[in-house]
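A note on names: the letters A, B, ... follow the listed sequences, proteins ahead of strands, and every chain is numbered from 1.
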Number of protein chains: 2
Amino acid sequence: MDDLGQADRAEPEETRIRAARIQDVAQLADVSTATVSRALATPERVSPEARARVLEAIAKTGYVPNPAARSLRSQKTFMVLVVLPDLSNTFFSKILRGIEETLFEAGYGMIISDLDGSPEKEAHFAAFTAAGRVDGAILLNGHLFGQSREGEGQPARLTIPLVALCEAIPGADIPQIEIDNRAAASRMTQHLASLGHRRIAYVSGPANNILERERFLGFKDGLEAAGLPFDPALVIPGDYTIEAGIRAGQGLVARAERPTAVFCTSDEMAIGMMRTLLSAGLRVPHDISVAGFDDIEFAAVAEPSLTTIHQPRRELGQAAASALIDCLQGRASPKRIRLDTELVLRDSVAPLQGGA
Amino acid sequence: MDDLGQADRAEPEETRIRAARIQDVAQLADVSTATVSRALATPERVSPEARARVLEAIAKTGYVPNPAARSLRSQKTFMVLVVLPDLSNTFFSKILRGIEETLFEAGYGMIISDLDGSPEKEAHFAAFTAAGRVDGAILLNGHLFGQSREGEGQPARLTIPLVALCEAIPGADIPQIEIDNRAAASRMTQHLASLGHRRIAYVSGPANNILERERFLGFKDGLEAAGLPFDPALVIPGDYTIEAGIRAGQGLVARAERPTAVFCTSDEMAIGMMRTLLSAGLRVPHDISVAGFDDIEFAAVAEPSLTTIHQPRRELGQAAASALIDCLQGRASPKRIRLDTELVLRDSVAPLQGGA
DNA sequence: TCACCCTATGTAATCGATTACATGCAACTT
DNA sequence: AAGTTGCATGTAATCGATTACATAGGGTGA
């Protein structure tokens, strides 16, 4: 395919339209390229007349600075990498939107990397940042990457500003944007307890996940605050997916002595859970209450509608992007931002019924 | 901050880690930069010994080619722009995943632009592509952009390979990846009719949307095939969102003479619809059947589970990315790819009940 | 009036990789 | 043996914008 290269070049007629260069603009405006560049970057350092001529020439030629050239010289890409574990997860998409909005307003583009649990991909994108393809990165995956292979040589690593979103990265000295998972989980647990529930099951996130650890601590906090004992038998493993909720539900249905309330640490799991319970003939919330976490769009229209913890997803994205932009532009950025959550009461949770 | 430039240079100690350049590798391997470049791009044109030395030097220095420099010279960015109307929509996120996967395997990165209905954003990204920041673009928004302002000057526009996904762009001579919306809608309509339903309502997508037009035609096809008359009163405007489904549902509940089945042209609307009907005391599917379109994750766990049209979303994304990569690499790419849909039968649709 | 400073602008080095062209050398042809 | 071919490699031009440094001209103060 590269053999075509010469043909492209030889062709005198405009087979392919060439974009205007800064040279073209300079010629048309009768100034030097330096003046054109300055007219755009630091208008106050150019005389009004020259600036006007330059702007006119730009309009006439449709000039747009070549980003590769600009980036090569100035070592800035105006691109930000967003690393996340699963692009198709509803929870992330709204956060992404918040990030994109904010980045866009500041003139940054967004490159997305869906790690999909693949270490190779992770390595690739670590190299990607190291190669200076992006000015900064927002991590939604709960850990730093490019874990320095300690071996000989110790290749020089470029470090760029990072921000951790949602899954705080312990020990990393970077801005972290998060909600207070522990407090929120505690609050939900206490809410369930306050409705009379004594046997409250907990469907967890993936083991070792930082969110999970926080929420689990919050769950225990809540139990303690309500004076309830912690029963390991009521902890059901999950991984935030619908399927995990379904599996957890099947396990519950099969039990002789069922809990009267289930706290699922994601809405997806809660919805899968409710589905399974209902299919098995149990009534939610009459026979068993189900609570979620996240407040995704579908929580409000689930049947029954889901009591959950509202996370300000868009705002989280915006805050992360803002923090990163602060770093990129040399401003101080807050080291830790905690956004408030809200307990959203809907129909999937009800006071303990007399019998059960 | 650029004043540091000299300091960097003067400073012998590593104040700031500089990424290895091709020069460094060349020196270490005792070859020229051209050989290093060739060892990477066209290994067969370099002697095995030289190649080995180069690779070793690369490993030792952790060299990664500077993408800005590479792109400046070779006019390639290895980046693809994906333009979509709403990033937070569940429907798109799985498609995105398919796109990302495929692009990644081919060595391309993905830049996402969420248009969010903003013409300015659209203009910005049109300029973005024109500036050569990406090698190609995948459009999910149903129309081309950068609508040439015809005025004087006629700025030179760089044109890059494009691919349209899902919403075919009429008149555009670019590869289009889609499903047969019309046939799928017809099929669903006939399915409803075959169960005895005579009054079938249709909840539409946004007016002027190409998907909508196709599906609407399919709906009419289906009615005709089933020998049912088309009744404009049974067409309810929507826009694919949950809220639209809720509103449409409220409208239905208020009616004196209700349809016995509703075909919502998105799962989101169907779920909102079911929610509203159930809240109003109607039973789904006993009193009224509800069908959706898309088969998003939540369709299977809705209550009742949703009968819908399955779209192979991940495959759609993959196909679009493949087609684009074909274009980018000078290979021929199919002009039109149609992936198959599937009618998924679940619980939200049932045969017409005796009474109603 | 001279020295000095400040502003507006131009000249040219620079960022780092790719690649056209040149060169040197070995192998093969006649 | 001279000429031809072809491979491996090096040299240096090139991509397009930014920006350090140089310079010219106008204004101010002594």
Asks: What heavy-atom pair brings B:I174 and B:L162 nearest, and what distance separates the two atoms?
Replies: CB-O, 3.6 Å
Asks: Determine whether A:V82 and A:I111 make a side-chain contact, defined as any pair of heavy atoms from C-beta on separated by less than 4.5 Å.
Replies: no
Asks: Report the C-alpha distance between A:E56 and A:K60 in whole Å, list the side-chain angles of each, state the deciding distance to 0.1 Å, and finish with yes or no for salt bridge (charged side-chain N to carboxylate O under 4.0 Å, His left out).
Replies: CA-CA 6 Å; A:E56 192 189 354; A:K60 210 167 275 173; 3.7 Å; yes
Asks: Just the atom pairs and distances: protein N or O near nucleotides 7-11 of chain D's N or O, under 3.5 Å.
Replies:
from, atom 1, to, atom 2, distance (Å)
D:dT9, OP1, B:S47, OG, 2.8
D:dT9, OP2, B:S47, N, 2.8
D:dT9, OP2, B:S47, OG, 3.2
D:dG10, OP2, B:S32, N, 2.8
D:dG10, OP2, B:S32, OG, 2.9
D:dG10, OP2, B:T35, OG1, 2.6
D:dG10, N7, B:R38, NH2, 2.8
D:dG10, O6, B:R38, NH1, 3.3

Asks: Is there a donor-acceptor pair closer than 3.5 Å between any side-chain N or O of B:R53 and the backbone N or O of B:A29?
Replies: yes
Asks: If only side-chain N and O atoms count, and only distance matters, is there a donor-acceptor pair under 3.5 Å linking A:D116 with A:S118?
Replies: no
Asks: Whole-Å distance between C:dC15 P and A:N66 CG?
Replies: 18 Å
Asks: Can you tell me if the side-chain N/O atoms of B:R73 get under 4.0 Å from OP1 or OP2 in D:dT14?
Replies: no
Asks: In whole angstrom, give the distance that lies between atom CZ of B:F78 and atom C1' of C:dA17.
Replies: 13 Å
Asks: Would you say a side-chain N or O of B:Y63 is under 4.0 Å from OP1 or OP2 of C:dG16?
Replies: no
Asks: If you assign B:S74 and A:A41 each to the DNA chain D nucleotide with the nearest heavy atom, which residue ends up on the more 5' nucleotide?
Replies: B:S74
Asks: How many whole angstroms separate atom CD1 of A:I22 from atom P of D:dA17?
Replies: 5 Å
Asks: Can we say B:D114 and B:K121 salt-bridge, meaning some charged N sits less than 4.0 Å from an Asp/Glu carboxylate O?
Replies: no
Asks: For the helix from C:dT1-D:dA30 to C:dT30-D:dA1, what angle lies between the axis at the first five pairs and the axis at the last five pairs, to 10 degrees?
Replies: 40°
Asks: With sequence neighbours left out, what residues match A:R21 under salt bridge (Lys or Arg N to Asp or Glu O under 4.0 Å)?
Replies: A:D24
Asks: Under the rule for salt bridge (Lys or Arg N to Asp or Glu O under 4.0 Å), what residues qualify as partners of A:R51, not counting sequence neighbours?
Replies: none
Asks: With a 3.5 Å distance limit and no angle check, can you tell me whether A:D135 reaches the backbone of A:T77 through a side-chain donor-acceptor pair?
Replies: yes
Asks: Could you check whether the rings of B:Y108 and B:F78 sit parallel, tilted or perpendicular, using 30° and 60° as the cut-offs?
Replies: tilted
Asks: Which nucleotide wins on minimum distance to the side chain of A:Q75, given the candidates D:dA17, C:dT19, C:dC15?
Replies: C:dC15
Asks: Looking at residues at least two apart in the chain, or sitting in another chain, which of them share a salt bridge (Lys or Arg N to Asp or Glu O under 4.0 Å) with B:R45?
Replies: none
Asks: Taking only nitrogen or oxygen atoms into account, show me every contact under 3.5 Å that the protein makes with nucleotides 22-28 of chain D, one pair per line with its distance.
Replies:
none

Asks: Give the rounded distance in Å between these two atoms: CZ of B:R70 and C1' of C:dC15.
Replies: 16 Å
